[in-house]
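Following: one structure in structure tokens, then a few remarks.
Just the heavy atoms: all of them, side chains too, but no hydrogens, waters or symmetry mates, feed the values below. Naming convention: chains lettered A, B, ... in sequence-line order (proteins, then strands); numbering from 1 in each chain.
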2 protein chains.
Amino acid sequence: MGDQLKFGALNNLFGFHLRQAYTPFGQAYREAAANFELKPSQYTVLALIKHNPGRRQSELAEALNIERSNFVPIIEALESRGLLIREKSREDRRSYSIEVTPKGKALVTKATAPILAESDRAAAVLSGSEQETLRKLLYKLYSDKKTRPVNASTGERLSELRYIVIEYNYFTT
Amino acid sequence: MGDQLKFGALNNLFGFHLRQAYTPFGQAYREAAANFELKPSQYTVLALIKHNPGRRQSELAEALNIERSNFVPIIEALESRGLLIREKSREDRRSYSIEVTPKGKALVTKATAPILAESDRAAAVLSGSEQETLRKLLYKLYSDKKTRPVNASTGERLSELRYIVIEYNYFTT
DNA sequence: TATTGTTATACTCTATAACTATA
DNA sequence: TATAGTTATAGAGTATAACAATA
């Protein structure tokens with residue numbers, strides 16, 4: 001019941017394939033993070049700040065491709081739980097310098113293994129080298145500013161994506 | 001001012017990379033579809049039905065990884081604009097058989113080229129063979145049922161993803 | 001009993017504009 | 001004037017439970 005369907009024009013739409021692939025990972029991510037009272041966005045932000053202490057909110061938000069305005073409630077939720085602290089920057093008193101507290105670090109440490117395990121399980125259909133290739137191609141895709149849509153009136157990219165260092169040797173194919 | 005950031009543990013989270021890559025494509029998709037008064041989900045559904053006439057809603061929803069309940073308003077919006085028609089199935093009077101109207105077909109035909117052009121522009125940082133590899137890996141990832149999360153109580157996959165035929169020769173690496 | 005489609009509801013993420021305080 | 005962070009609000013997608021009609 002229910003033969004296979006054809007994608008037709010959708011085959012050539014990367015947005016479609018990316019969403020199809022993201023959906024199950026997002027579900028797995030959400031369930032794994034929920035065990036630690038964290039939304040995916042909250043775990044992501046906490047982990048990013050842990051690895052990059054002392055950054056401004058807007059730097060962090062841009063790196064994650066999240067609007068600054070949407071970043072505020074994420075930070076607030078984490079701060080109110082004592083998982084991170086904000087300090088007015090001395091150099092620029094408009095901005096905050098953010099760090100993860102010991103409690104926050106402990107939570108990231110505790111949550112990371114099961115979250116990665118769930119991700120690995122979902123990705124297990126791909127071999128190790130296929131996973132490496134996929135990561136490499138995805139990173140290449142989203143780290144390039146040309147990927148971003150253009151504002152029709154100004155011709156500017158809608159928001160700049162800060163380049164982010166990948167620890168691995170991604171581009172030595 | 002804005003050195004590069006490190007991803008740390010996020011590097012190994014496919015859900016993270018997929019979301020990062022999806023975000024700009026989703027924006028581009030949304031803007032391109034909006035020129036035809038269509039949300040991305042609506043264009044996707046319309047294109048899928050055009051290529052697979054006469055299917056039941058639940059088949060289509062499962063193929064797109066959309067909950068049946070969330071599929072209803074998408075179908076209703078398209079039907080109310082005269083872009084598709086539903087008919088009670090004779091074999092199973094619980095279900096509907098769905099087809100795209102001539103008006104709907106014309107809209108898909110008109111919208112497809114600019115939507116694909118926007119996708120191609122966003123993907124242009126990858127070479128043709130890299131794009132082919134990426135598509136292949138993404139399809140392999142989401143077409144496998146093992147990718148889906150498991151229901152903790154029953155041990156069942158949360159929802160079955162119907163296998164979908166890709167017209168291209170994806171698996172002849 | 002199970003499935004198809006539906007309704008209702010809540011949650012997560014995203015987009016946009018306007019405001020404040022600092023620069 | 002411009003930027004960092006904030007507030008408010010709307011939109012889009014997703015998840016869950018329960019229901020009627022039909023199998």
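A tilted orientation is assigned to the rings of F25(B) and F14(A), their planes being inclined by 30° to 60°.
Atom CG in L38(A) sits about 12 Å away from atom P in dT12(C), given to the nearest Å. If you take CD of E76(B) and P of dT6(C), they are 6 Å apart, rounded to a whole angstrom. Atoms CD1 (I75(B)) and P (dT6(C)) sit 9 Å apart, rounded to a whole Å.
For K39(B), the side chain to side chain contact (heavy atoms under 4.5 Å, CB included) partners two or more places apart in sequence, or in a different chain, are S41(B), Q42(B).
Residue Q27(B) places at least one side-chain N or O under 4.0 Å from the OP1 or OP2 atom of dA15(C). In terms of phosphate contacts, S58(A) brings no side-chain nitrogen or oxygen within less than 4.0 Å of OP1 or OP2 of dT3(D).
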Short heteroatom pairs, N/O only, protein and nucleotides 9-13 of chain D, under 3.5 Å:
residue: dG13(D); atom: OP1; partner: S41(B); partner atom: N; Å: 3.4
residue: dG13(D); atom: OP2; partner: S41(B); partner atom: OG; Å: 2.9

Mind listing the N/O atom pairs, protein and nucleotides 17-23 of chain D, below 3.5 Å?
residue: dA23(D); atom: OP1; partner: R93(B); partner atom: N; Å: 2.9

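Using a 4.0 Å heavy-atom cutoff across all strands shown, F71(A) reaches no nucleic acid atom at all.
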Salt bridge (charged side-chain N to carboxylate O under 4.0 Å, His left out) assessment of R81(A) paired with E37(A): CA-CA 11 Å; R81(A) 287 172 63 184; E37(A) 260 66 62; 5.6 Å; no
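For I66(B), the side-chain atoms get nearest to dT14(D) when compared with the rest of dG5(D), dT4(C), dT14(D).
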